[in-house]
Amino acid sequence: MRPFDPLLRNAHLATIASSFWPRHLDELRHPVEAKLFSTDPDTRILVHVQRPVTAPGSKPREAILVHGLEGSSEAPYMRSLAQTLLDAGFVVHRMNIRTCGGTEFLCRTLYHAGFTHDLFTYLADLDRQRRTPVHLIGFSLGGNMVLKLAGQLGRDAFRLIESVTSVSTPLDLQACSERLNAPINRVYQWRFLSSMKKRLAVRCKVLAESVPATESEVRRLRSVFELDDKITAPAFGFRSAEHYYASESARNFIGGIRVPCLMLHAKNDPLVPFRAYAEAGVEQNRAIQLVTPDHGGHVGFLSRRSPRIWVDGVIRDWIAAQGIE
């Protein structure tokens with residue numbers, strides 16, 4: 001595995017610069033199929049599927065990418081990894097979490113960090129098409145989802161999942177909520193909260209019954225924790241934000257992971273405390289390979305050398321090696 005040589009050592013600069021770094025996704029060579037997939041009678045999610053240029057009759061391996069909080073299939077990190085995997089011969093599914101990617105009104109419920117139903121249903125459909133096992137890759141909140149699902153399935157995961165990879169994942173949702181509330185992280189808090197409040201306010205106008213708060217109450221929310229406590233938790237039957245975090249954190253499911261698993265996390269991640277990995281017992285699970293550069297920020301990992309997005313090459317090489325004796 002190629003060592004990480006950071007372009008930026010400051011955690012905040014690395015995180016922010018990566019969000020604006022130019023990424024390329026060749027949609028001419030790899031046309032995009034925008035697929036609306038039903039996971040429940042009243043729920044559809046949007047998945048962008050692209051195929052590699054391969055020889056006729058070949059059966060390429062497949063990967064599902066899951067974005068982070070308030071992201072979408074068009075997030076820069078989703079697009080650049082998709083291109084890297086397409087060039088390596090993988091079919092790529094960029095999955096939007098329900099209500100994300102412009103699908104606010106294609107379902108009557110919200111999403112939360114541990115909501116694995118849609119991902120599992122999509123995997124089961126690929127299995128019916130005899131296209132499994134596939135590689136699951138999750139960024140930030142999406143990482144919490146893929147790790148939780150792999151842990152829930154245990155040994156049964158081998159039929160559906162060839163490997164699972166997480167990048168900058170909040171294994172302990174409570175600890176990450178507390179970190180987000182730190183004054184130094186107010187820019188991230190504002191960005192996440194603004195996006196969430198805007199989406200909820202729009203839903204209040206059309207699907208008010210799906211949001212346990214009025215539009216004016218949504219506007220008064222001052223933190224992601226408060227939003228989770230007043231809206232996310234009650235919407236899914238949790239007693240409080242603390243109950244939601246305690247129930248749905250991936251740290252609870254790490255011990256159940258049996259498929260090959262790669263975790264990538266920068267020790268200086270400004271949003272996800274590194275101590276969560278030790279407290280979750282990650283290194284006690286022999287199925288997991290934990291890679292923790294000192295620098296990289298949150299879903300940053302801009303390299304001084306080419307290729308510039310370090311995690312893309314690492315993920316490509318690692319998943320390509322799975323199943324090879």
Side-chain angles (χ1 to χ4, degrees), residues 1-9 11 13-27 29-30 48-54 60-68 71 73-95 133-140 142-143 146-147 161-169 259-269 272 277 282 287-324:
M1 186 175 294
R2 183 169 63 90
F4 177 52
D5 183 13
L7 177 66
L8 300 166
R9 292 179 176 269
L13 289 179
T15 300
I16 295 170
S18 181
S19 298
F20 295 98
W21 201 268
R23 318 279 180 125
H24 172 69
L25 179 58
D26 191 340
E27 298 183 3
R29 290 182 65 234
H30 310 290
H48 285 124
V49 183
Q50 290 174 275
R51 300 178 181 278
V53 178
T54 57
R61 300 160 83 183
E62 310 204 24
I64 299 175
L65 282 54
V66 187
H67 60 81
S73 59
E74 296 299 326
Y77 52 81
M78 296 278 278
R79 292 175 62 85
S80 66
L81 179 58
Q83 184 65 55
T84 298
L85 295 181
L86 286 163
D87 289 342
F90 288 85
V91 176
V92 177
H93 308 253
R94 287 179 286 134
M95 187 185 114
V134 305
H135 300 277
L136 294 187
I137 303 158
F139 293 87
S140 195
V146 300
L147 292 175
I161 303 169
E162 188 163 359
S163 76
V164 59
T165 299
S166 68
V167 181
S168 302
T169 295
V259 295
C261 176
L262 174 67
M263 292 186 178
L264 301 170
H265 189 82
K267 291 180 179 177
N268 73 341
D269 189 316
V272 181
Y277 285 78
V282 168
I288 300 174
Q289 181 176 353
L290 177 62
V291 179
T292 58
D294 290 334
H295 306 281
H298 186 73
V299 195
F301 300 104
L302 288 174
S303 175
R304 188 180 300 275
R305 296 179 290 164
S306 181
R308 190 70 72 184
I309 311 301
W310 177 75
V311 292
D312 289 357
V314 169
I315 294 170
R316 174 200 60 206
D317 295 346
W318 187 81
I319 67 173
Q322 301 310 306
I324 299 175

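Computed from a prediction, not measured in an experiment: that's the story for all the values here.
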Answer whether the closest heavy-atom distance between the side chains of Val164 and Leu147 falls below 4.5 Å.
-> yes

With side chains defined as the heavy atoms from C-beta onward, is the minimum distance between Leu25 and Glu27 less than 4.5 Å?
-> yes

Distance in Å, Ser73 OG paired with His67 NE2, rounded so as to fall on 0.5 Å steps | 7.0 Å

Here the pair of heavy atoms bringing Ala63 nearest to Leu85 is CB-CD1, 3.9 Å

Heavy atoms only: give me the nearest Pro260-Gln322 pair and the separation to one decimal.
-> CB-OE1, 3.2 Å

Those residues at least two apart in sequence (or on a different chain) that pass ring pair (Phe, Tyr, Trp, His ring centres under 6.0 Å) with His298 are none

Asp87 and Arg29, any side-chain heavy atoms less than 4.5 Å apart = yes

Shortest non-hydrogen contact from Ala266 toward Gly297 | CB-O, 3.5 Å

Kindly write out the residues that satisfy ring pair (Phe, Tyr, Trp, His ring centres under 6.0 Å) with His265, not counting sequence neighbours, or none if the list is empty.
-> Tyr277

Per the side-chain contact (heavy atoms from CB on, under 4.5 Å) rule, which among Thr169, Leu264, Leu81, Val66 passes with Phe139?
-> Leu81

Which pair of non-hydrogen atoms, one from Asp26 and one from Gln50, has the smallest distance, and what is that distance?
-> O-NE2, 4.0 Å

Working to the nearest 0.5 Å, report the span between CD of Gln83 and CZ of Arg23.
-> 12.5 Å

Without placing hydrogens or testing angles, list every side-chain donor-acceptor pair under 3.5 Å for residues 300-309, not counting sequence neighbours.
residue, atom, partner, partner atom, Å
Ser303, OG, Arg305, N, 3.0
Ser303, OG, Arg305, O, 3.1
Arg304, NH2, Pro6, O, 3.4
Arg308, NH1, Ser303, O, 2.9
Arg308, NH1, Arg304, O, 3.1

At what distance, to the nearest 0.5 angstrom, does CD of Glu162 lie from CD1 of Ile319?
-> 8.5 Å

Rounding to 0.5 Å, atoms OG (Ser168) and OH (Tyr77) come to a distance of 10.0 Å

Are a donor atom and an acceptor atom from the side chains of Arg79 and Thr84 found within less than 3.5 Å of each other?
-> no

Side chains of Thr15 and Val299: does their closest heavy-atom pair fall under 4.5 Å?
-> no

Are any non-hydrogen side-chain atoms of Leu136 and Met95 less than 4.5 angstrom apart?
-> no

Measure the shortest side-chain to side-chain distance between Glu74 and His48 over non-hydrogen atoms and say whether it is less than 4.5 angstrom.
-> yes

Is His135 close to Ile64 at the side-chain level, that is, under 4.5 Å between some pair of heavy atoms?
-> no

Spacing of His295 atom NE2 and Asn268 atom CG [to the nearest 0.5 Å] | 6.5 Å

Any idea which heavy atoms bring Ser166 and Met263 closest together, and the distance?
-> OG-CG, 3.4 Å

Quick one: CD1 on Ile315 to CE on Met1, what's the gap to the nearest 0.5 Å?
-> 9.5 Å

For Pro52 and Phe90 the tightest heavy-atom approach is CD-O, 3.4 Å

